[in-house]
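Written out below as structure tokens is the structure these notes cover.
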Amino acid sequence: MSSFDEMDAFEGASLSSRAMAARGTPYLDDLNPAQRDAVEALDGPVLMLAGAGTGKTKALTSRIVHLLNTGRARPNEILSVTFTNKAAREMKSRVGRLLGQQIEGMPWLGTFHSICVKLLRRHAELVGLKSNFTILDTDDQLRLLKQLVRAAGIDDKRWPARQLAGVIDQWKNRAWTPDAVPVAEAGAYNDRGVEFYAQYQARLKELNAVDFGDLLLHMVTIFQTHDDVLEQYRRWFRYILVDEYQDTNVAQYMWLRLLAGGHRNICCVGDDDQSIYGWRGAEVGNILRFEKDFPGAKVVRLEQNYRSTPHILAAASGVIRGNQGRLGKELWTDAQDGHKVRLIGHWDGEEEARWIGEEIEAMQGGTRGMRPFGLDEIAILVRASHQMRAFEDRFLTIGLPYRVIGGPRFYERMEIRDAMAYFRVVVSPADDLAFERIVNTPKRGLGDKAIQTIQRCARDNGLTLVEGARLAVEDKLLSGKGAAQLAFLLENLTRWGRMTGDADVDHTELAGMILDESGYTEMWQNDKTPEAPGRLENLKELVNHLEEFENLQGFLEHVSLVMDNESDESGQKVSIMTLHAAKGLEFPAVFLPGWEDGLFPSQRSMDESGLKGVEEERRLAYVGITRAEECCTISFVSNRRVFGQWQSQMPGRFVDELPEEHVEVLTPPGLYGGGFGAAGMGAVGSDLHDRAAEANVYNSPGWRRLQARRDQRPISQPSETRNTVIDLQAVSAHTVGERVFHQKFGYGRIEAIEGDKLEIAFEKAGVKKVVAKYVMAADDIPF
DNA sequence: AGCCCTAAGCTTTTT
DNA sequence: GCTTAGGGCT
């Protein structure tokens, strides 16, 4: 199947290198000396240290074009790896633009994982798999592990499968197969980690499945044990380029080193100061030791920044200077002037959100000597996603348009995974995990007992679950409604399976048919929860996506790796996202809220990884500041609710590390004239760099008394908005059926009340869940 | 088999 | 404080 189509890429070069060489090199004139240096050093190992905003992608894509242009390689002989599909897409389109033509043949420009899938499908048998193996996502992985753990009679309450999954992941990140896990790790998961790891791998092989980590691990194993295969690819991939090298884990690093081992034509681009994925196995060490691994490597530093103003760069540099063991880079810019980084403290998270909301509204018209900013030029970058809610709540009330970037991905949604499971079982009836997922979805009267019977039946006879289920039906091991429905499902599965091979049946139609005839669509149509319409919408979208693929198999192969959540909603909106999600992006104005000890830097990071953890957090701070082009506003609060408990917060250490001369301390207008806030603000305004003084304020008896009082009832700062809302709420407790008004969604009728959340059918905006205090009875509207 | 209640947990996230 | 998963109950 398609694994062989893919290999065509090896054969036909779609672009004649001679034709390319005939053209000039205008793309080189566009580069600064450092970039040009990096682009022109085509042979041998090159490490490109590219600071934030220094034109890294430009250099990388120019390098590809230069390789083609000088005739050193054909498009299909260049291996370029990225971490995300988005980055891969971006590179592809930029290479195309530089060449001035669409290139069909850059088959090896992609993510580590997508490239490994291609390779592994070709060589699957070398690790005991068939080339049509399925790729499990983390959910499948977890369910599988849970089964193993329970089968071993282990209390999965005390030893959560989740923890085991984490351990195995880390081992795979380090390219350790079960027999290669070092003795020092033997204590993992109650001394039985290695044992379960081995079992898990065996089970995956039985299922003809791999998890994400396996894609890399298996390829490393194959390269290590089959010289002929490795040699073949060393010849094919004449030049290797790696983006975001600081994010590679050990397995990826070994994979690269094996492939580059012959010709050593490898160019790694990265920034040690932007390594923020250590917690999921990335090794900054990989970039720090590049010169040792590739002696004679040329190291090029891109330090001229085209993004930010001098103050912003200086602030970022000031913070990152606190890290040990950097490769050392100092960003500079030709840009003049600009605003200092702004720093402001607030009473609590809500106050912070309110201030930022007001500031954004003011910024649209131009404020504090700055130019007007459009909403889509503004981003709020948070450390942890739970910080987002305060902003969403606030922006919803004041009607400020925003978009949240990140969040649950399309293919992680329940309905999408269910639908995919149906497709999986139809395409490969041996997919036990998928069958398990859908056998009783929608409800077919098959409970735990029935499923156990099927499993026993399958295991005892060495059958797959589908076959086992069929046997169980034939042998009348199941009774009543469940048995009849199961028989019907099995019949359907067989029928649909036949249709996948039928050229007359369009696969898009087939997909729709599967969802309809299985009763899955109906299940959501009958569902009265407010999410149901959205889920049906998603299912429709899924089926639409199918059109882009040849058949169901093709779709399933790609979807787990490639389908992402690009929301195409456009328009003027403020972006809200995590700092991690912001890497690689830039915005004219950036807000960085929540710079408090324990939140940012995160307590857990410091507890688990000590100094290393703090350093990674510091890099995150660096990433955050360097996202800003013109205006960067950092804030922290005195009080924050952490897991429901009110806690007094100290400004995080990175606040102190901001170089004073590049910072302007703002005081929110009209607040803190006195009262509780004044203590906190005093510390901020006057003694920013004197932690002792701050500590005194926060530890004073008065402060602690205040804390004690606040624990009973959080004190709200008086504010006009809030008073209005509270008053209205006092006079109108809501009732179902009541006609109400919401500032953003307009008029609607209350459908249901759940605690302080109301489900409202709005006349224009549809059914939404809204917090009660943002809604007023239509009759009470004061105008 | 389905509903309700309690308990635990709880960054960051790609593939 | 909020969500979610699993156990226990009907």
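In the text below, chain A, chain B and the rest are named by the order of the sequence lines, each starting its count at 1.
- For the pair A/Leu620 and A/Thr138, nearest-nucleotide mapping onto DNA chain B gives the more 5' position to A/Leu620.
- The nucleotide whose nearest atom lies closest to any side-chain atom of A/Asn440 is, among B/dT13, B/dG2, B/dT14, B/dG2.
- Taking 90° from 0 as the syn/anti boundary, the base of B/dT12 is oriented anti.
- Atom pair A/Ile135:CD1 and B/dT14:C1' shows a separation of 13 Å (rounding to whole Å applied).
- Within 4.0 Å (heavy atoms only), A/Gln387 reaches no atom of the nucleic acid at all.
- Backbone-only contact: A/Thr111 has heavy atoms under 4.0 Å from sugar-phosphate atoms and none from a base.
- Using a 4.0 Å heavy-atom distance criterion, A/Leu215 is classed as making no nucleic acid contact.
- Heavy atoms of A/Phe643 sit under 4.0 angstrom from at least one base atom.
- Look at CG on A/Leu579: it is 11 Å from P on B/dT12, rounded to the nearest Å.
- With A/Asn208 contributing its side chain and A/Leu129 its backbone, the two residues share no donor-acceptor pair below 3.5 Å.
- Classification of A/Lys56 and A/Glu244 as a salt-bridged pair holds, one side-chain N sitting under 4.0 Å from a carboxylate O.
- Rounded to whole angstrom, the span from the CG atom of A/Asp139 across to the P atom of C/dT4 amounts to 13 Å.
- When the side-chain nitrogen and oxygen atoms of A/Ser385 are compared with OP1 and OP2 of B/dT12, one or more of them lie within a distance under 4.0 Å.
- Between A/Phe423 and A/Phe555, the ring-plane angle classifies as perpendicular under the 30° and 60° cut-offs.
- One atom, CD of A/Gln603, and another, P of B/dT12, lie 15 Å apart when rounded to the nearest Å.
- Residue side chain A/Tyr277 fails the stacking definition with respect to B/dT14, as its ring centre and the base's six-membered ring centre are not both under 5.5 angstrom apart and under 30 degrees in plane angle.
- Distance from the side chain of A/Trp279 is smallest to B/dT13 among B/dT13, B/dT11, C/dG6.
- The phosphate of B/dC3 (OP1 or OP2) has no side-chain N or O of A/Lys443 nearer than 4.0 angstrom.
- Residue contacts shown for A/Lys146 are limited to sugar-phosphate atoms, with no base heavy atom under 4.0 Å away.
- Screening A/Arg280, A/Lys583, A/Arg619 for a salt bridge (Lys or Arg N to Asp or Glu O under 4.0 Å) involving A/Asp247 leaves a single residue, A/Lys583.
- Put simply, CD on A/Glu244 is 12 Å from C1' on B/dT14, counting in whole angstrom units.
- Between C/dG1, B/dT12, C/dC2, one nucleotide has an atom nearer to the side chain of A/Arg389 than all others, and that is C/dC2.
- Separating the CH2 atom of A/Trp255 from the C1' atom of B/dT15 is a distance of 13 Å, rounded to the nearest angstrom.
- Side chain of A/Asn249 to backbone of A/Gly281: no donor-acceptor contact under 3.5 angstrom is found.
- Atom CZ in A/Arg162 sits about 10 Å away from atom P in B/dT11, given to the nearest Å.
- Nearer to the 5' terminus of DNA chain B, by closest-nucleotide assignment, is the contact made by A/Ser602 (compared with the other of A/Phe83 and A/Ser602).
- The phosphate of B/dT15 (OP1 or OP2) has a side-chain N or O of A/Asn85 nearer than 4.0 angstrom.
- Ring-to-base geometry does not place A/Phe112 in a stacked arrangement with B/dT15 (centre distance under 5.5 Å, plane angle under 30° required).
- No hydrogens or angles were tested; on distance alone, a donor-acceptor pair under 3.5 Å links the side chain of A/Arg383 to the base of B/dT12.
- Counting only residues at least two apart or in different chains, ring-ring contact (aromatic ring centres under 6.0 Å, His included) contacts with residues 141-164 of chain A comprise A/Trp159-A/Tyr189.
- Contact detail for A/Tyr245 and A/Ile287: the closest heavy-atom pair is CE2-CA, 3.7 Å.
- A/Gly445 comes within 4.0 angstrom of sugar-phosphate atoms only, judged by non-hydrogen atoms across all strands, and of no base.
- Close to B/dT13, at under 4.0 Å from its OP1 or OP2, lies a side-chain N or O of A/Thr578.
- Between B/dT11, B/dT14, C/dG6, one nucleotide has an atom nearer to the side chain of A/Arg280 than all others, and that is B/dT14.
- The distance from atom CG of A/Leu120 to atom P of B/dT15 is 18 Å, rounded to the nearest whole Å.
- Of the listed nucleotides (B/dT11, B/dT13, C/dG6), B/dT13 has the atom at the smallest distance from the side chain of A/His580.
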